[in-house]
2 protein chains.
Amino acid sequence: MARHESETNPDGIEPVPASLSDSAGFLLNRAARIIREMVSEALQPLGLSPQEMGLLKLLAAGGPSTQQGLCTKHNIDRTTMVQLVDGLEERQLVIRQPSSADRRANLIFLTPRGRKTLSKASRLAQKQQQRFLSPLSEPEWEVLRQHLIKLLEYHGRNEV
Amino acid sequence: MARHESETNPDGIEPVPASLSDSAGFLLNRAARIIREMVSEALQPLGLSPQEMGLLKLLAAGGPSTQQGLCTKHNIDRTTMVQLVDGLEERQLVIRQPSSADRRANLIFLTPRGRKTLSKASRLAQKQQQRFLSPLSEPEWEVLRQHLIKLLEYHGRNEV
DNA sequence: TATTGTTATACTCTATAACTATA
DNA sequence: TATAGTTATAGAGTATAACAATA
């Protein structure tokens, strides 16, 4: 398989250039971009971004949380969280409520509308994920999933 | 393992929230971001971005190519390619040369300096990739790699 | 008419620095 | 002094629209 990569590629299609097929960065970034765009497009009718859906999911599963708490789970910066929550609150999918325990902090609650939007979004995203994963068998996806989780857990616990 | 996700997580660490651990988008985007940032940081002394390194690799492996040809391989837009090549040409890592066969097109050549920079960059990136992949065994990475390639080939060939 | 490259512009996702109000 | 949230600003990576030169 040492075929030389040439700009005169007969079929003109070269989804994975051999010179980059060993690069974890290339493969992961390209795959991430494809699924992100597929989900993003499917969510457009709801006016929801993939990140926003993720945040709603965290709230639905974990219950109300401070912005800082959501930052830790979602692994994004405080300032990014402000913008995410701003957008969701404008559309009344979540509400901010000052915490009585710590008056610096906002507790973020999912609204009924947020819950309904999330359930629609989840179905749409699920469908896209199935399409994205369609070249893999069920066990293959499970292996991929476990390997990704292993990577994230390792790099989440250490500033390696 | 149906432990409820709570904002009062005892250890305070939650690299992969259960509510998102089934999401291909979440897992891939997070993993992609980690490796991208690791490589990006390692390449900083060379003043090279991961994308730029990728482009140099394509040129080193495939020989001179038009900008349009590089777009196809790298899977990015024409206008993005202009900016990428602009940056690399400024630092004399590549040169543009009008194609004699098609005078609309530029052939992009890797310069000797580009080749030298690429070889330094490759070593640095390789080291980071090893750190990134360290929680996986060699065969595990190979499986991950093959699954990612399968996904990219499928979605590269079809506008699914 | 279609394609290659270019420019101007803008969008998404994300962060840094400096601020306010609590703790 | 440290932390939660906020604001203004900026950066990386990428794209769309309109255009010139050439095919």
Side-chain angles (χ1 to χ4, degrees), chain A residues 7 12 25-26 28-30 32-41 43-44 47-55 64-90 94-108, chain B residues 7 12 25-26 28-30 32-41 43-44 47-55 64-90 94-108:
Chain A
E7 74 263 48
F26 175 80
L28 285 170
N29 276 289
R30 187 120 137 199
R33 188 175 142 201
I34 291 169
I35 177 70
R36 191 188 329 121
E37 284 174 357
M38 287 175 72
V39 171
S40 177
E41 199 170 322
L43 259 39
Q44 211 133 332
L48 213 63
S49 71
Q51 290 78 0
E52 290 173 327
M53 181 185 66
L55 196 55
S65 177
T66 65
Q67 291 184 199
Q68 188 55 57
L70 292 171
C71 284
T72 307
K73 294 182 202 171
H74 213 283
N75 208 39
I76 58 178
D77 189 84
R78 261 149 65 239
T79 63
T80 307
M81 183 56 65
V82 170
Q83 296 170 62
L84 260 176
V85 173
D86 279 353
L88 292 171
E89 196 177 34
E90 259 172 37
V94 304
I95 51 171
R96 285 176 163 103
Q97 187 178 292
S99 162
S100 50
D102 180 346
R103 275 161 40 209
R104 292 170 304 182
N106 290 332
L107 280 173
I108 310 299
Chain B
E7 72 264 49
F26 174 80
L28 285 170
N29 276 290
R30 187 120 136 199
R33 187 174 142 201
I34 291 170
I35 177 70
R36 190 186 333 120
E37 285 175 357
M38 286 175 72
V39 171
S40 178
E41 200 171 322
L43 259 38
Q44 210 132 334
L48 212 64
S49 72
Q51 289 79 356
E52 290 173 328
M53 182 185 65
L55 196 55
S65 179
T66 65
Q67 293 183 198
Q68 189 55 56
L70 293 171
C71 284
T72 307
K73 294 182 201 172
H74 212 284
N75 208 38
I76 58 180
D77 189 84
R78 262 148 64 239
T79 62
T80 307
M81 183 56 66
V82 171
Q83 296 170 61
L84 260 176
V85 174
D86 278 352
L88 292 171
E89 196 177 34
E90 261 172 36
V94 303
I95 50 171
R96 283 176 164 102
Q97 188 179 292
S99 163
S100 50
D102 180 344
R103 274 162 40 209
R104 292 170 303 181
N106 290 332
L107 281 173
I108 309 300

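So that the names make sense, note that chain A is the first sequence line, chain B the second, and so on, each numbered from 1. Fair warning: this is a prediction, and the values are worked out from it, not measured in the lab. For the numbers below, each heavy atom of this structure counts, side chains included, while hydrogens, waters and symmetry mates do not.
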Legend entry - Length of the CE-P vector between B:Met53 and D:dA12, whole Å: 17 Å

Legend entry - Partner residues of B:Asp77 under the salt bridge (Lys or Arg N to Asp or Glu O under 4.0 Å) criterion, sequence neighbours left out: none

Legend entry - Partners passing side-chain contact (heavy atoms from CB on, under 4.5 Å) against A:Ser40 (at least two apart in sequence or in another chain): A:Pro50

Inset, instruction - Identify whether any heavy atom of A:Arg36 sits under 4.0 Å from a base atom; if not, whether one sits that close to sugar-phosphate; answer base, sugar-phosphate or nothing. - result: nothing

Inset, instruction - Mind checking side-chain hydrogen bond (donor to acceptor under 3.5 Å, both in side chains) for A:Asn29 and listing every partner two or more places apart, or none if nothing turns up? - result: B:Arg36

Legend entry - Contacts of type side-chain contact (heavy atoms from CB on, under 4.5 Å), residue B:Arg96, not counting sequence neighbours: B:Gln67, B:Val82, B:Val85, B:Asp86, B:Glu89, B:Asn106, B:Ile108

Legend entry - Most 5' of A:Ser40 and A:Ser99 on DNA chain C, judged by nearest nucleotide: A:Ser40

Legend entry - Heavy-atom side-chain proximity of B:Leu55 to B:Gln51 below 4.5 angstrom: no

Inset, instruction - Only counting residues at least two apart or in another chain, list the ones meeting side-chain hydrogen bond (donor to acceptor under 3.5 Å, both in side chains) with B:Arg104. - result: B:Asp102

Inset, instruction - Rounded to the nearest angstrom, tell me the gap between atom CE in A:Met81 and atom P in D:dT7. - result: 16 Å

Inset, instruction - Let me have a per-nucleotide readout for nucleotides 14-23 of chain D, 5' to 3', with B, S or -, counting only protein heavy atoms under 4.0 Å. - result: BBBBB--BBS

Inset, instruction - Walk along DNA chain C from 5' to 3' and tell me the first and last nucleotide with an atom closer than 4.0 Å to a non-hydrogen atom of chain A. - result: C:dC13 to C:dA23

Inset, instruction - Can you sort out the partners of A:Glu37 under salt bridge (Lys or Arg N to Asp or Glu O under 4.0 Å), two or more places apart, ordered by chain and number? - result: A:Arg33

Legend entry - Side chain proximity check, A:Ser65 to A:Lys73, heavy atoms < 4.5 angstrom: yes

